[in-house]
Amino acid sequence: MVDIDLIVQTLRNHGHDVQGVHHVPDNAGDYEFTIDGKAFNLEGARGVLEQDELKVGVPPQSHAKGKQGL
């Protein structure tokens with residue numbers, strides 16, 4: 001089972017603006033996240049966190065302002 005609250009809190013801790021999480025039909029990826037004004041499914045939200053991990057040494061608050069290519 002996926003801990004959606006943990007994913008949302010981690011995204012926020014990394015400086016992202018998570019505006020909402022919506023449960024959607026199973027064939028659409030189960031959840032939709034609005035992160036920094038863009039819609040992501042669960043896999044996409046995990047991708048945002050993975051990109052954050054690659055930015056080691058960059059303060060988390062600066063991540064949300066300069067998202068490129070996500």
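Everything numeric here is computed off the predicted structure, so don't read it as measured data.
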How many angstroms lie between atom [atom1] of [X] and atom [atom2] of [Y], to the nearest 0.5 angstrom?
X: Tyr31; Y: His22; atom1: OH; atom2: NE2; result: 12.5 Å
X: His14; Y: Glu53; atom1: NE2; atom2: CD; result: 5.0 Å
X: Thr10; Y: Asp5; atom1: OG1; atom2: CG; result: 10.5 Å
X: Arg46; Y: Asn41; atom1: CZ; atom2: CG; result: 9.5 Å

Fill in: Partner residues of Thr34 under the side chain to side chain contact (heavy atoms under 4.5 Å, CB included) criterion, sequence neighbours left out
Gln19

Worksheet entry | Least distance between heavy atoms, Phe33 atom then Ala45 atom | CD1-CB, 3.8 Å

Hey, does [Y] have a side-chain heavy atom less than 4.5 Å from the side chain of [X]?
X: Leu42; Y: Ile4; result: yes
X: Val18; Y: Ile7; result: no
X: Asp52; Y: His16; result: yes

